[in-house]
Amino acid sequence: MRRDLLIPFAALLALAGEAAAESPANKGHYLVVWAGDRAKAGTNFIAVIDADPNSTGFGKLVTSAATDQVSVNPHHTEYVMPASGLLFANDHNASRTVVMDLRNPLKPRQVASFGNIGGYAMPHSFLRLPNGNVLSSFQYPDQGEHVGHAAMTGKTGGIVEIDESGKAVRAVSNADPSFGDEGLLPYSLVVLPEIDRVLVTNSPMGDDFLLTSNTYQVFRLSDLRLLGTHRLDPGPRLNGHVSPEEARVGPDGAVYVQTLSCGVQRVTGIETPNPVAKLVHQFPGSWCGVPTIVGNYFIQSVPSIHGFVVLDIRDGSNPVEVSRLVIDARYSSHWTGWDAKARRLVVTSGQAGDRTYLLKLDEKTGALSIDTAFRDVDGKVGFSFDSRPWPHGWKGEAAAHGAVFTR
């Protein structure tokens with residue numbers, strides 16, 4: 001290239017970069033919801049909703065994008081939007097996962113997919129590793145691509161590292177001969193690179209072992225070697241350990257595990273051969289869903305109260321309830337996810353007629369409230385997945401599950 005063109009060319013590149021930074025996609029802020037046809041005839045899709053509180057379109061649908069996966073049970077996405085903008089989202093009962101390109105949220109598209117992989121089937125949760133790959137929990141060994149969830153059998157599964165093209169990098173079984181008669185079905189996990197550990201919870205998505213699962217496992221992150229299988233604490237009601245599900249890292253470095261029986265287990269000493277789990281709280285009812293930790297607050301969806309409970313976990317061994325929020329008399333609370341940019345919490349239910357809301361958290365007191373400015377085109381608070389024409393060309397009632405915010 002001629003020397004006298006170098007400076008103008010560099011200037012053009014700089015201008016192009018500035019233009020990209022000022023594009024509508026980069027200026028906006030969006031909520032991305034993973035949903036599917038409730039009638040199971042259409043396909044799973046991504047709905048993109050305006051999540052900028054300062055936007056005139058706050059709460060309105062911006063666009064949607066279909067995948068090639070017929071809706072069976074659209075389930076988990078990653079819990080936060082990855083830095084790459086390539087989001088993993090699964091249809092659990094179909095044992096199939098898609099990778100959605102959301103680098104431009106106004107033009108989402110499917111760029112990869114995978115079914116059974118690395119010798120395992122039925123993935124549930126996805127956590128990012130320091131190298132940018134995803135570590136996923138799989139409930140069962142691979143029994144064939146066309147074996148549905150109801151036909152799956154087995155007592156163990158595994159964890160698999162997957163790159164963003166949907167290729168397996170490494171995989172390992174979670175089988176432990178010392179627990180050979182029990183169901184060790186991986187549900188969720190938390191990655192702890194500072195201590196070279198991964199904690200995996202065991203809880204079935206099906207009925208087998210539902211009431212007898214009460215273990216978590218610790219793996220070494222560097223080589224995925226299983227270091228031990230451990231039981232949780234049943235607590236005074238003797239059921240606070242039933243079906244451990246979501247694991248989250250607290251402000252004190254301990255791992256907090258939510259159980260289906262609405263317990264909160266605090267796990268410490270994970271870097272040692274003998275970690276300790278202690279039931280530190282139990283919410284009313286059962287079937288508690290996805291929790292979120294924001295600062296010193298543990299926010300839990302509690303279906304029995306049709307809403308959410310907030311714990312102050314500054315003293316992790318003695319959490320204190322600081323607030324409750326009831327949505328309505330029938331709301332079935334499930335998913336929660338934090339928006340670090342706009343300081344909001346998204347909550348989804350997945351039940352017919354329930355809306356998706358944004359909640360405000362008072363980060364000084366822990367009080368929760370519904371953001372009443374987040375309204376759909378019908379003028380009502382929250383976003384509706386009831387029957388409507390969707391931008392990707394489908395019309396129908398959708399079931400929403402995983403939800404994350406753009407960065």
Side-chain angles (χ1 to χ4, degrees), residues 30-49 51 61 64-82 87-100 102 108 110 113 122-127 134 136-137 139 149 187-188 203-206 245-246 258 260 287-292 299-303 306-308 327 331-339 345-359 382-388 390 392 394 396-406:
Y30 306 98
L31 170 64
V32 174
V33 183
W34 176 235
D37 179 8
R38 190 174 293 281
K40 303 185 186 302
T43 61
N44 296 339
F45 64 94
I46 286 287
V48 180
I49 303 163
L61 181 64
S64 62
T67 71
D68 63 359
Q69 174 58 51
V70 175
S71 300
V72 184
N73 179 18
H75 200 57
H76 273 223
T77 62
E78 297 179 64
Y79 300 107
V80 297
M81 184 66 69
L87 182 74
F88 281 50
N90 85 40
D91 189 303
H92 182 80
N93 288 21
S95 191
R96 189 156 180 268
T97 302
V98 299
V99 182
M100 299 297 294
L102 287 151
Q110 178 181 330
S113 67
M122 298 291 174
H124 186 272
S125 296
F126 308 102
L127 271 294
V134 165
S136 180
S137 51
Q139 294 232 304
H149 179 269
Y187 187 93
S188 191
S203 181
M205 280 287 288
E245 295 187 336
E246 303 290 345
Q258 158 265 331
L260 195 63
W287 307 101
C288 281
V290 178
T292 293
I299 305 162
Q300 177 66 59
S301 54
V302 183
H306 308 290
F308 306 87
I327 300 296
Y331 190 81
S332 182
S333 47
H334 184 70
W335 181 278
T336 67
W338 179 243
D339 180 3
L345 192 80
V346 61
V347 297
T348 72
S349 154
Q351 300 299 309
D354 285 352
R355 298 172 80 91
T356 291
Y357 296 98
L358 294 192
L359 307 182
F383 184 87
S384 172
F385 281 85
D386 289 346
S387 186
R388 66 195 295 167
W390 298 88
H392 63 275
W394 173 74
E397 182 182 13
H401 202 103
V404 299
F405 295 90
T406 59

Step by step, work out the side chain to side chain contact (heavy atoms under 4.5 Å, CB included) result for V404 and W338. CA-CA 8 Å; V404 299; W338 179 243; over 6 Å; no

Nearest heavy-atom approach of W34 to N90 is NE1-O, 2.9 Å

When every non-hydrogen atom of G350 is compared with those of A399, the smallest separation belongs to O-CB, 4.1 Å

Applying side chain to side chain contact (heavy atoms under 4.5 Å, CB included) to Q139 and H92, what does each step give before you reach the verdict? CA-CA 10 Å; Q139 294 232 304; H92 182 80; 4.3 Å; yes

Over all heavy atoms of both residues, which pair between S136 and P123 is shortest? Give the atoms and the distance, please. OG-CB, 3.6 Å

Working to the nearest 0.5 angstrom, can you tell me the gap between Q69 CD and T97 OG1? 9.0 Å

Is D386 salt-bridged to R38, going by a charged N under 4.0 Å from an acidic O? no

So which heavy atom on E78 is nearest to which on F88, and how close? OE2-N, 2.9 Å

Separation between NE2 of H401 and NE2 of H76, rounded to the nearest 0.5 Å: 4.0 Å

Kindly indicate whether the side chain of L345, heavy atoms from C-beta on, has any atom under 4.5 Å from the side chain of T292. yes

Let me confirm one number: the CG-CE distance from N93 to M205, rounded to the nearest 0.5 Å. 6.0 Å

If you compare all heavy atoms of T348 against all heavy atoms of A400, which two are closest, and at what distance to 0.1 Å? OG1-O, 4.4 Å

Roughly how far apart are F383 CZ and Y357 OH, rounded to 0.5 Å? 13.0 Å

Is a donor on one side and an acceptor on the other found under 3.5 Å between the side chain of E245 and the backbone of V290? no

First locate atom CE of M81, then atom CG of L31, and finally report the distance between them rounded to the nearest 0.5 Å. 9.0 Å

Check whether any side-chain heavy atom of T356 lies under 4.5 Å from a side-chain heavy atom of V346, and answer yes or no. yes

Report the C-alpha separation of I49 and V33 in whole Å, then their side-chain angles, then the decisive distance to 0.1 Å, and conclude whether the side chain to side chain contact (heavy atoms under 4.5 Å, CB included) test is met. CA-CA 8 Å; I49 303 163; V33 183; 4.0 Å; yes

Looking at S137 and S125, would you say the former's side chain and the latter's main chain have a donor-acceptor pair under 3.5 Å? yes

Could you tell me if the ring centre of W287 sits under 6.0 Å from that of H334? no

Within the distance-only criterion (no hydrogens, no angle test), does the side chain of S71 pair as donor or acceptor with the backbone N or O of D37 below 3.5 angstrom? yes

Side chains of T406 and V32: closer than 4.5 Å at any heavy-atom pair? yes

Restricting to non-hydrogen atoms, name the atom on D91 and the atom on V70 that form the minimum distance, rounded to 0.1 Å. OD2-O, 3.7 Å

Drop me the distance from M100's CE to N44's CG, to the nearest 0.5 angstrom. 10.0 Å

Going through the checks in order, is the side chain to side chain contact (heavy atoms under 4.5 Å, CB included) test met by T67 and Q110? CA-CA 6 Å; T67 71; Q110 178 181 330; 3.1 Å; yes

Taking the side chain as every heavy atom from C-beta outward, state whether Y30 and F405 have any atom pair closer than 4.5 Å. no

Any donor and acceptor pair, going by atom type alone, linking the side chain of S349 with main-chain N or O of S332 inside 3.5 Å? yes

Would S188 and E246 count as a side-chain hydrogen bond (donor to acceptor under 3.5 Å, both in side chains) if you check the C-alpha gap in whole Å, the side-chain angles of each, and the deciding distance to 0.1 Å? CA-CA 6 Å; S188 191; E246 303 290 345; 3.2 Å; yes

Distance alone, cut at 3.5 Å: any donor-acceptor contact between the side chains of H75 and H124? yes

Holding to side chain to side chain contact (heavy atoms under 4.5 Å, CB included), I want the full list of residues that pass it with L127, two or more places apart in sequence or in another chain. Y79, L189, V191

Would you say that L260 contacts Y187 through its side chain, given a criterion of any heavy-atom pair below 4.5 Å between the two side chains? no

Could you tell me if the ring centre of W390 sits under 6.0 Å from that of F385? yes

Among all residues two or more places apart in sequence or in another chain, which pass the salt bridge (charged side-chain N to carboxylate O under 4.0 Å, His left out) test with D354? R330

Sequence neighbours excluded, the answer for side chain to side chain contact (heavy atoms under 4.5 Å, CB included) partners of S301 is F308, S333, T336

Is there a side-chain contact between P108 and V48, using heavy atoms and a 4.5 Å cut-off? yes

